[in-house]
Protein chains: 2
Amino acid sequence: MDTKSLLIDTATTLFQQKGYKSVGLTEILKACNVTKGALYHHFPNGKEELLITCLHGLNEVITTDIKAIFSRHLSTKDAILSMIDKLILNFEKNDTIIGYTFSSIVSEMATMSEPVRIACSALYENIQNLYHEKLLTEGYSNESASAIALLLTASIEGAIMLCITQNSATPLKTIATLLPSILEVNK
Amino acid sequence: MDTKSLLIDTATTLFQQKGYKSVGLTEILKACNVTKGALYHHFPNGKEELLITCLHGLNEVITTDIKAIFSRHLSTKDAILSMIDKLILNFEKNDTIIGYTFSSIVSEMATMSEPVRIACSALYENIQNLYHEKLLTEGYSNESASAIALLLTASIEGAIMLCITQNSATPLKTIATLLPSILEVNK
DNA sequence: GTCTATAAGACGATAGAC
DNA sequence: GTCTATCGTCTTATAGAC
């Protein structure tokens, strides 16, 4: 793998695990055996540019992943439940959720850096759009589809935060039992 | 106000606005005209001890606030809607939600410091207990009351994160339109 | 494109006077 | 209980050799 991709991959994982400020450049560099010179060659504007690139990459990963899950399940309900199952498995393996959430970065950086805020906003918008489209194919109205897409995004992100705080996957499991009825009622 | 309380109040606001790592000790000290010597007299273990004290204080503030709102509204539905209204007002005034959320601290610190994680966990548990009790008085079963309490906490915290990311109160407003039906269905 | 060495500053924390 | 001065350490970022 080329140096640039290696840097992005390593940094993405570390940022998701520890947040932005807690991860030093030296830590990223050590983790993938790259030196400062190389980093500043690929990212002239330094750490923040690296973070934003990571967020763009995450956008693509999440999109293709959700699309794949959605194509395997006809109903939004089954698709969402399968997504949450994957999150739970991910959490129980790594003690943190890598690859899906970026709440640490959002809450740490959204008020500090406008470019980062915009990148995070695009990511959430993207996820909600995927939910929205799936709901439309099931006959939901445009308004209720977008409202439910938002509720799904919010409750899943909130549940992930509770999981991290409690050190347990229970919150995600509980959410999974309640979401089906929400989907049915608002159809 | 005594120096210790002044430090706690100032630090609480700053931590909620900017997160933990982004706020330097010097910034807190300048904001309330206190010197390093005084801070380390009241908090010998430094910044992290100050944070944990802030979280404990936040716990009491949130508890009394939610209890007051709950006593003014008979149904959980009305109480929650009134709570969200207050969050929206808070957000539109300050561009950040001060006094209620601590998501920035959770996601930044939960994986980094075990004492902080425990303090955050206690805070969420407390909030969920308040919801839980209120739901019990309305005749919800014990299990469904605790499940809904969790969903309420998760979806509101998630919505706050979306508000911060999008720089708009719309996510909270949307959540408010959906929560009533969730409360009715699971009764 | 990658390396090392170094700059310049911020950080949390401490010591000792008052 | 509060003050100032200072200590190490860590941080991001740069300069210049290869």
Side-chain angles (χ1 to χ4, degrees), chain A residues 1-55 57 104-105 107-117 119, chain B residues 1-55 57 104-105 107-117 119:
Chain A
M1 196 191 292
D2 61 307
T3 309
K4 191 170 183 179
S5 310
L6 184 63
L7 276 168
I8 296 172
D9 279 16
T10 314
T12 303
T13 306
L14 286 170
F15 286 151
Q16 285 187 294
Q17 284 175 327
K18 303 185 168 188
Y20 178 72
K21 290 263 165 71
S22 298
V23 179
L25 283 184
T26 353
E27 187 180 352
I28 301 171
L29 264 12
K30 246 182 212 159
C32 56
N33 256 305
V34 171
T35 57
K36 263 182 194 161
L39 186 143
Y40 277 93
H41 170 75
H42 293 290
F43 303 96
N45 295 325
K47 198 186 176 186
E48 189 167 314
E49 188 185 349
L50 174 60
L51 170 64
I52 291 172
T53 314
C54 289
L55 289 172
S104 45
I105 297 154
S107 27
E108 203 182 338
M109 292 297 290
T111 52
M112 301 299 293
S113 156
E114 190 63 5
V116 173
R117 206 212 89 226
Chain B
M1 194 191 291
D2 61 307
T3 309
K4 192 170 183 178
S5 309
L6 184 62
L7 276 168
I8 295 172
D9 280 16
T10 314
T12 302
T13 305
L14 285 170
F15 286 152
Q16 285 187 293
Q17 285 175 327
K18 303 185 168 188
Y20 178 71
K21 289 263 165 73
S22 298
V23 180
L25 283 184
T26 353
E27 187 180 353
I28 302 171
L29 264 13
K30 245 182 212 161
C32 55
N33 257 305
V34 171
T35 56
K36 258 177 199 169
L39 187 145
Y40 278 93
H41 170 75
H42 293 290
F43 304 96
N45 294 325
K47 198 185 176 188
E48 188 166 314
E49 188 184 351
L50 174 60
L51 170 64
I52 291 172
T53 313
C54 289
L55 289 171
S104 45
I105 296 153
S107 26
E108 202 181 338
M109 293 296 291
T111 52
M112 301 299 294
S113 156
E114 190 63 4
V116 174
R117 206 213 87 227

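Computation of the quantities below employed the complete heavy-atom set of this structure, encompassing side-chain atoms and omitting hydrogens, waters and symmetry-equivalent molecules. Order of the sequence lines sets the chain letters (A, B, ...), proteins ahead of strands, with each chain counted from 1.
Phosphate proximity of dG1(D) to T3(B): absent, as no side-chain N or O sits under 4.0 Å from OP1 or OP2. Remark: H42(A) is in phosphate contact with dT2(C), judged by side-chain N or O atoms under 4.0 Å from OP1 or OP2.
L29(B) has its CG atom 13 Å from the C1' atom of dT4(D), to the nearest Å. Taking atom NZ on K18(B) and atom C1' on dA10(C), their separation rounds to 14 Å, with Å as the unit. A straight line from CG of L25(B) to P of dT14(C) spans 11 Å, rounded to a whole angstrom. In this structure, H41(B) atom NE2 and dT14(C) atom P are separated by 15 Å, rounded to whole Å. For L51(B) and dA13(C), the CG to C1' distance is 17 Å, given to the nearest whole Å. Protein atom NZ of K36(B) is 12 Å distant from nucleotide atom P of dA10(C), rounded to whole Å.
Comparing G24(A) and K4(B) by the nucleotide of DNA chain D whose heavy atom lies nearest to each, the residue mapping closer to the 5' end is K4(B).
Closest to the Y40(A) side chain, of the nucleotides dT2(D), dA13(D), dA13(C), is dA13(D). Side-chain atoms of T35(A) lie closest to dC3(C) of the nucleotides dA13(D), dG12(C), dC3(C).
The shortest side-chain heavy-atom distance between L25(B) and Y40(B) falls under the 4.5 Å cut-off.
The only option from L39(B), T35(B), T10(B) that meets the side-chain contact (heavy atoms from CB on, under 4.5 Å) definition with L29(B) turns out to be L39(B).
Annotation: cation-pi geometry satisfied between K47(B) and Y20(B) (NZ/CZ under 6.0 angstrom from ring centroid, within 45° of ring axis).
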